Amino acid sequence: MTNNKKAKMNPTKKILFAMLIGLLVGIALHYLVPAGDFKQNILVDGVFFLFGQGFIRLLQMLVVPLVFFSIGTGVMQMRDISQFGRVAVRTLLLYFFTTAIAIAIALFISKLFKPGIGMDLAQASNSANSGADVAPPTLIETLVNIIPKNPIESLANGDMLQVIFWAFMTGIVVGRFATELKLLEDFMEVGNTFMMKVTSMVMKAAPVGVFALIARTFTDIGLGIVGPLLTFLGSVLGSMVILILLAYLPLIAISSKSSPSHFLKKIFPVYTFAFSSASSNATIPLTLSACDSLGVPREISSFTIPLGATINMNGTAIYQGCAVIFIANAFGIDLTFGDLVTVILTAVLSSVGTAGVPGSGMIMLSMVLSSVGLPVEGVSLIMSVERIVDMFRTALNVTGDVVATFISANMEKLIDKARYLSDEKPMMEEVDF
Ligand code: ASP
């Protein structure tokens, strides 16, 4: 029995293996099996869709109750609310700061790589500014919208900022009047434990889900489309690597006073999910578990991670920066320094409005483009690599949330150092059913 258990692959390896097989199967199907009913209807839109989307829906199913109960109980148990307030404000500032840095790096790198140059689409653009009707919400509107008109509706619609607000209120009131509201206190705690157990159960399906998602993407698109857009992809990935190497890792090393390799080891398993689901929201359960293994108290992460998944999008900001330069180059439009500053500001604001779901960064891109008068139809130029870029930007979005959370918790000396330095990995491997 023990030997049997030892022989089993650990969950992270299983998922990586599933990704690799998915990639190989996808590429083989794309190139070796002729297009037709079998490939399209039975595989791509049949089996792969069923297991891939099924898994994403399982994750999505968890998000609202998980966020509600984990923030609620976290705030409820927080003894020192002022300490919590400081961590929350610091994390928020870090979120905005890192997003601005991310997009500045992207603009700089794209200026170097010059993606899109020579495409000369100036003639094709007869409707520059056509996206001006995509009115960005003002800052005040965004702030007012955080307050739910009807909390039940917010929960039902999964409106994350409103759910976070309501969970926060619940946690404060139940924590403050714990004796009178004993029943509610127990309900929140039991609800929280229940959600953790459901999460662990769902994770058992991960390898199958991840396989199906990756296989579907690559059967559909193969690798061919990557070629023409290589400079664009190169700018996006290059900027991401620079952000990680020049900002994230040094920040983690300085703040933890130890090698960032512990951090990388613990965040790595989360990438597999971020990558295959392309959704920061769907990845929340895993991201929380990674924070646990990094020694961040749940009281903190249960607030900052769902918030980050909703408003902090460093990967998306990089994508938007590179896309702006790519599209400007393709249409032969020169951007002034002022335009670039506008792009930085709009992209930071738009990341607040970008939902942590697949493709939403692309939708918000039209807002950034129209802020500097670039043709919104330029988005179609990079559409073919959208899914691949989305996978990468989601992984970076999630990393950004964890980096900011870790640093602000560490500044308050709230990190459990022993746990951080331990070999513990995320994904709740210890739970058995
Ligand atoms: N898919 C990304 C995320 O969930 C958002 C985006 O489309 O950029 O983080």
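Source: prediction; values computed, not measured. Just so you know, residue 1 is the first one in the sequence shown, and it goes up from there. For ligands, and for the atoms within them, numbers begin at 1 and follow the listed sequence.
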Residues [X] and [Y]: side-chain donor-acceptor under 3.5 angstrom:
X	Y	value
Asn312	Thr99	yes
Asn397	Thr316	yes
Ser279	Ser277	no
Tyr420	Asn410	no

### Task
Just say parallel, tilted or perpendicular for the rings of Phe232 and Tyr319, cut-offs at 30° and 60°.
perpendicular
### Message
As an exercise, identify every atom of ligand 1 less than 4.0 angstrom from a heavy atom of Arg393.
### Response
6 (C), 7 (O), 8 (O)
### Query
Near Thr316, which atoms of ligand 1 are under 4.0 Å from a heavy atom of that residue?
5 (C), 6 (C), 8 (O)
### Query
Side chain, backbone, both or neither: which part of Ala278 comes within less than 4.0 Å of ligand 1 when only heavy atoms are counted?
backbone
What protein heavy atom sits nearest [atom], and how far away is it?
atom	value
atom 1 (N) of ligand 1	Asp390 OD1, 2.7 Å
atom 3 (C) of ligand 1	Ser280 OG, 3.2 Å
atom 2 (C) of ligand 1	Thr394 OG1, 3.3 Å

### Task
Decide whether an N or O pair under 3.5 Å exists between Gly361 and ligand 1.
yes
### Message
Closer than 3.5 angstrom, by distance alone: can the side chain of Lys14 be matched with the main-chain N or O of Pro207 as a donor-acceptor pair?
### Response
no
